[in-house]
Amino acid sequence: MSIFADNIVFLRGQKNLTQHKLADELILTRSRYVSYEYGNAEPPIEVLVRISKYYNISIDLLVTVDIRKYPLDRMVNLPGNKILLPIAVDSEGNNFIEIVPQKASMGYLKGFSDPEFIEGLQKMQLPFLKNGKYRAFLADGDSMPPFADQSIIIGEYVEKLEDLKSNKEYIFVTTEGITYKTFLKRNKKFITVSADNSFYEPYDIPLEDIAEVWRYVRGILPQDYKPHSLPDEANLKNLVAEAKRSISNLENGILKLNP
């Protein structure tokens with residue numbers, strides 16, 4: 001049997017439903033549904049969506065992860081028919097905070113819904129962060145300015161984009177990677193964010209590129225961290241503007257020489 005077949009048999013058992021009853025719930029004939037449980041047929045996408053919504057489990061988990069290994073009460077339901085897996089806890093039921101290295105960011109983009117990947121991450125606990133789901137991201141080099149190399153940036157999971165607050169800092173997990181930015185505004189197609197360094201212009205992130213958002217709550221600096229002075233931003237901007245003017249004047253001069 002396929003992983004999908006095993007999963008739907010397991011899920012039906014958890015709800016203590018007969019095949020006939022579940023087939024009725026999914027608006028299918030019993031024989032058609034049974035063919036999916038036996039692995040004799042693969043459901044079309046519209047049926048996959050129906051089953052996914054019925055159990056509130058994402059399609060990718062249904063077809064790729066053996067969910068029998070992970071108790072359903074340890075799954076965190078997310079908007080958009082997603083599930084965050086798994087939630088590691090100690091003997092007293094307190095959540096661990098998984099630490100995602102920046103070097104593993106591309107792996108995280110592929111594995112944030114993979115329980116084996118998440119369980120393989122290093123973990124920590126902070127007694128003052130108990131309510132909510134938290135995750136930590138490790139800065140590497142200058143990957144998350146203004147945080148220094150090896151800083152740990154902790155965020156609380158944001159369930160809905162509607163919960164984002166203007167001028168607040170967040171960790172955005174997108175198809176391009178993991179980034180720390182200030183949220184400015186949102187429309188139907190994208191959000192606008194800005195870097196901590198005002199020298200850089202705000203930019204847009206398409207909504208379809210956003211995988212996760214974590215509200216920044218704490219930053220842990222490396223032991224030997226010492227603040228370093230940054231170039232004066234106003235002077236730096238003036239230098240760039242002057243360079244642009246010089247290039248423009250040079251181009252105009254060339255045009256005059258070669259009419």
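- Listed here is the closest heavy atom pair of A136 and I152: CB-CG2, 3.6 Å.
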Q14/I67 under side chain to side chain contact (heavy atoms under 4.5 Å, CB included): CA gap, chis, key distance, verdict: CA-CA 12 Å; Q14 294 296 300; I67 61 177; over 6 Å; no
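- Note that OG of S194 and CD of E169 are 8.5 Å apart. Values are rounded to the nearest 0.5 Å.
- A distance-only check finds a donor-acceptor pair linking the side chain of S52 to the backbone of I57 [under 3.5 Å].
- By the rule that hydrophobic residues join a cluster once side-chain heavy atoms approach within less than 4.5 Å of another member, V173 and F190 end up as members of separate clusters.
- With hydrophobic clusters built from ILVMFWY side chains whose heavy atoms lie under 4.5 angstrom apart, L184 does not share a cluster with L161.
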Stepwise side chain to side chain donor-acceptor pair (under 3.5 Å) test for Y36 and R32: CA-CA 7 Å; Y36 302 147; R32 186 179 179 188; 2.8 Å; yes
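- Nearest heavy atom pair, residue K165 against residue Y170, reads N-OH, 2.7 Å.
- The closest side-chain heavy-atom distance from L48 to V63 is below 4.5 Å.
- A5 approaches G39 most closely through the heavy-atom pair CB-N, 4.2 Å.
- Under a 4.0 Å N-O distance rule, the pair E37/R30 does not qualify as a salt bridge.
- You'll find the side chain of D6 stays beyond 4.5 Å of the side chain of V9, heavy atoms only.
- Between Y55 atom OH and I8 atom CD1 the span is 7.5 Å, to the nearest 0.5 Å.
- When atom types are taken as modelled, the side chain of K189 and the backbone of N187 share no donor-acceptor pair closer than 3.5 angstrom.
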Verdict with supporting geometry, F128 and R218, side chain to side chain contact (heavy atoms under 4.5 Å, CB included): CA-CA 11 Å; F128 48 84; R218 289 289 189 280; 3.4 Å; yes
Audit row: F172, V213, side chain to side chain contact (heavy atoms under 4.5 Å, CB included) steps and yes/no: CA-CA 5 Å; F172 295 97; V213 181; 3.8 Å; yes
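- Under the 3.5 Å distance criterion, the side-chain polar atoms of D140 are left unmatched by any main-chain donor or acceptor of P101.
- Minimum interatomic distance between R68 and N7 (heavy atoms only, all atoms of both residues): N-OD1, 4.4 Å.
- Remark: side-chain polar atoms of R215 are not paired, donor with acceptor, to backbone N or O of V158 under 3.5 angstrom.
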From CA spacing to verdict: side chain to side chain contact (heavy atoms under 4.5 Å, CB included), E162, R186: CA-CA 9 Å; E162 290 81 359; R186 169 180 175 263; 3.6 Å; yes
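- With rounding to the nearest 0.5 angstrom, the OH atom of Y134 is 8.0 Å from the CD1 atom of I97.
- The shortest distance between side-chain heavy atoms of K123 and Q125 does not fall below 4.5 Å.
- With a 4.5 Å cut-off on side-chain heavy atoms, R135 and I154 do not count as touching.
- Scanning for ring-ring contact (aromatic ring centres under 6.0 Å, His included) contacts around Y216 gives F147, Y180, with sequence neighbours left out.
- The two residues I153 and A139 make their nearest non-hydrogen contact at CD1-CB, 4.4 Å.
- Listed for the T182 side chain is no donor-acceptor partner under 3.5 Å among the backbone atoms of K168.
- Looking at E46 and R50, no side-chain N of the basic residue comes within less than 4.0 Å of a carboxylate O on the acidic one, giving no salt bridge.
- Shortest non-hydrogen contact noted between T18 and K21 is OG1-N, 3.0 Å.
- Distance NZ/K181 to CD1/I205: 7.5 Å, rounded to 0.5 Å.
- Note that CG of L17 and CZ of R12 are 8.0 Å apart. Values are rounded to the nearest 0.5 Å.
- Summarising the geometry, atom CG belonging to L62 is positioned 11.0 Å from atom CD1 belonging to I3; distances are rounded to the nearest 0.5 Å.
- The hydrophobic cluster containing I45 also contains Y54, counting ILVMFWY residues as joined when their side-chain heavy atoms lie under 4.5 angstrom apart, directly or transitively.
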